[in-house]
Amino acid sequence: MMFTRDRAIALTVTLVGLLTLAPTTSSAQPDQGAVAAAPGPGTNYATDDPFTAERTAWFRDNRFGMFIHFGAYSNLEGEYTRPDGSTCQYSGGAEWLQYLCSIPKDEYEKQAATFNPKEFDAKAIVAAAKSAGQKYIVITTKHHDGYAMWPTKQNTWNLRDHSSFDKNRDILAELKQAADAEGIKLGFYYSIWDWHDPNFTGDFPQYKERMRAQLKELIDGYDPDLMWFDGEWTVASDRPVNPWSARDGEELESYLRDLDPSMVINNRVGKRRVSDGDYGTPEQEIPEAPVDGQLWESCMTMNNTWGYSRRDNNWKSGAELTRNLLNTTSRSGNYLLNIGPDKLGRVPAPSIAALKEIGDWLDRSGQGAAIYKAGFPGVVAEPDWGVVSRSGNDLYASVYHWPGAGKPLHLTTTTTGFTVGSASVLGSGQKVTVTKAGDGYDIIPSGDDTNPAATVIKLSITPPAPTAEGTGTGLKAEIFDNDQLSGSPRATRTDPTINYAWRFGGSPAESIPSDHFGTRWTGTIEPRYSEKYVFTTVSDDTVRVWVDGRLIIDNTRPHAPTVDKGAVDLQAGKKYAIRVEHTEQTGEAHMKLLWSSPNTPQQIVPSSQLSPN
Ligand code: H79
């Protein structure tokens with residue numbers, strides 16, 4: 001058992017934490033974060049499938065969140081005046097100003113002492129998020145400068161003890177209360193890289209202990225729905241160099257899930273790999289296609305900076321931001337869009353205006369249906385005139401480049417197994433003609449576009465009926481205590497799914513040491529649609545997959561966590577032989593098996609469709 005804490009107890013602690021509205025400063029003893037018991041052989045760190053778990057449903061469905069970068073750097077607003085009167089300015093990366101301007105520690109501390117964000121208005125920020133249609137908020141609780149935005153008991157480098165701010169206020173408690181009141185989820189950004197804590201370069205184990213203690217304060221005190229780590233990288237030229245390791249990530253993720261199994265956690269909790277945390281974190285970019293093996297969320301700024309900069313006026317238009325949201329959704333990703341309040345805590349007016357513009361678009365004519373609970377369409381390829389998202393049996397074609405009168409919008413299909421029924425333009429009564437053409441369909445609207453950001457054409461489709469859900473129980477697993485799958489298996493059992501993260505310390509069974517093991521899974525797999533299935537593995541160290549006797553994934557060169565894919569055409573309701581082989585030599589071990597098809601969103605292959613024979 002990985003999760004020892006009873007959920008009921010966790011909830012009680014949370015309620016008590018809320019009633020007292022955050023930790024007080026009077027406590028004499030620092031709250032030492034206990035180190036979770038080291039998991040050993042038999043431990044599987046993967047406890048659910050984030051693609052389908054109830055735990056992550058809000059994150060997958062909501063699609064759109066607000067990032068808030070707010071910290072001691074906000075007080076500088078992108079401009080540092082040195083003691084000699086000279087200045088150092090940045091319009092991008094204002095939250096990095098201490099680093100970029102080489103501000104001495106005592107100077108940075110001195111400026112932070114004047115930080116007084118008295119205009120910070122949690123209700124107004126939540127209202128701004130709401131006006132944008134954002135369903136969750138992630139706020140920096142500690143950025144790379146190490147400054148805590150809540151009254152941590154672990155040091156005095158925080159907004160209560162080192163500022164000119166009202167000692168009775170706690171902006172995280174205020175935000176939590178305001179978010180709860182509006183049904184908005186709240187997540188916390190926390191930087192592992194720390195420019196301030198002397199133990200970061202001194203006694204790293206001691207630093208990690210303080211970090212755990214701070215995270216425990218955050219979780220017990222504010223019950224966050226999500227943890228957004230950052231600063232996990234190791235770059236030789238960084239000052240200071242970050243020693244954070246994959247092992248540290250394993251320990252931290254385990255510690256957090258033990259404290260609160262319901263939290264969604266990003267992949268920078270580890271080393272930003274497909275095997276770390278619940279989801280991937282492209283930054284300032286949007287992937288061109290759905291991401292394999294992990295949920296994902298693109299975080300982006302509205303101008304060039306995360307933390308407020310007085311001189312950054314390079315604002316993206318509301319239309320561009322709306323299209324970014326459509327682009328991420330159509331590839332089954334989330335969009336986390338940043339605001340950076342100024343030194344007083346006020347949100348820049350251009351940010352408020354842009355948020356409202358996106359929200360107005362989402363509100364208009366039901367266009368929000370193209371985003372919420374929507375994702376990659378599967379059955380059609382992404383066109384060059386816009387993007388297409390899918391929600392159930394509705395496709396939403398968001399058109400960026402409206403065709404000339406009578407000209408078609410072509411959609412290429414990736415499967416023949418569906419038909420298009422009704423078609424309409426949201427917010428317009430115009431007739432839309434859909435005809436079979438070439439490798440798909442031509443959509444011909446008869447009127448004008450409805451707005452400059454994206455005009456949405458809704459297409460109701462009839463996908464093929466899937467065969468009934470299978471009655472499978474999983475695959476036969478033969479587990480070997482060597483990495484050659486030789487001799488007779490040490491253990492044989494039925495595994496419901498192949499969803500394993502044994503990492504460094506775990507293994508497939510208590511009798512199997514954490515290095516030099518292997519597993520062969522065999523049985524049958526039963527697809528529910530007749531179409532091309534793509535199998536995806538996340539593996540470390542080696543993997544091979546056969547379906548219907550064909551070797552479709554073959555990566556036997558020992559590797560760090562890696563994604564491999566193989567495709568095969570399958571017929572609904574038929575049972576095909578499947579064989580999966582994994583071996584682990586030393587270090588980390590992972591083995592996941594996912595599938596997707598035009599009508600099956602990416603997911604761990606469910607046990608219902610697997611049989612041990
Ligand atoms: O918190 C935000 C960034 O501060 C942080 N991650 C997001 C969410 C981040 N850390 N590293 N990076 C982003 C990439 C490094 C960018 C750099 Fe720069 C280019 C560092 C120095 C030059 C960006 C531009 C930051 C400062 C100037």
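Just so you know, ligand 1 is whichever comes first in the structure, and atom 1 is the first atom listed for that ligand. Heads up: numbering here begins at 1 and tracks the sequence. Everything numeric here is computed off the predicted structure, so don't read it as measured data.
Heavy atoms of His144 approach ligand 1 to within less than 4.0 angstrom. Contact between Tyr90 and ligand 1 is absent, with no heavy atom of the residue lying under 4.0 Å from the ligand. Proximity of Trp233 to ligand 1 is established by a heavy-atom distance of less than 4.0 Å.
Distance check for atom 7 (C) of ligand 1: a protein heavy atom is found below 4.0 Å. Less than 4.0 angstrom separates atom 2 (C) of ligand 1 from at least one non-hydrogen atom of the protein. Of the protein's heavy atoms, none falls inside 4.0 Å of atom 18 (Fe) of ligand 1. The protein does not reach atom 22 (C) of ligand 1 closely, with no heavy atom under 4.0 angstrom from it.
In this structure, atom 14 (C) of ligand 1 lies nearest to the protein heavy atom Glu283 OE2, 4.3 Å. Shortest contact from atom 4 (O) of ligand 1 to any protein heavy atom: Glu95 OE2, 2.5 Å. Of all protein heavy atoms, the one lying nearest to atom 5 (C) of ligand 1 is Asp230 OD2, 3.3 Å.
Taking any N or O of Trp96, backbone or side chain, at least one lies under 3.5 Å from an N or O belonging to ligand 1. Below 3.5 Å of separation, one finds no N or O of Trp228 facing any N or O of ligand 1.
Relative to the ring axis of Phe229, Arg268 does not place its NZ or CZ within 45° and under 6.0 Å from the centre. Annotation: cation-pi geometry satisfied between Arg323 and Tyr400 (NZ/CZ under 6.0 angstrom from ring centroid, within 45° of ring axis). For the pair Arg239 and Tyr99, the cation sits on the ring face: its NZ or CZ lies under 6.0 Å from the ring centre, inside 45° of the axis.
Residue-level proximity to ligand 1 for Leu100 is carried by the side chain, the only part with a heavy atom below 4.0 angstrom. When non-hydrogen atoms are compared, ligand 1 lies under 4.0 Å from the side chain of Tyr189 (C-beta onward) but not from its backbone.
Annotation: the span from Asp161 atom CG to Thr152 atom OG1 amounts to 8.5 Å, rounded to 0.5 Å.
Within a 6.0 Å sphere centred on NZ of Lys167, other residues, nucleotides and ligands contribute more than 12 heavy atoms.
The aromatic ring centroids of Phe115 and Phe70 lie less than 6.0 Å from each other. Aromatic ring centroids of His144 and Trp233 lie under 6.0 Å apart.
Taking a cutoff of 4.0 Å between a charged side-chain nitrogen and a carboxylate oxygen, Asp166 and Lys118 do not qualify as a salt bridge.
Of the N and O atoms on the side chains of Asn334 and Arg63, at least one donor lies less than 3.5 Å from an acceptor on the other residue.
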| For Glu232 and Lys271, what are the C-alpha separation, side-chain angles and deciding distance, and is it a salt bridge (Lys or Arg N to Asp or Glu O under 4.0 Å)? | CA-CA 6 Å; Glu232 88 298 343; Lys271 294 298 276 184; over 6 Å; no
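Across the listed options Gly307, Gly340, Gly93, Gly93 owns the non-hydrogen atom lying nearest to atom 26 (C) of ligand 1.
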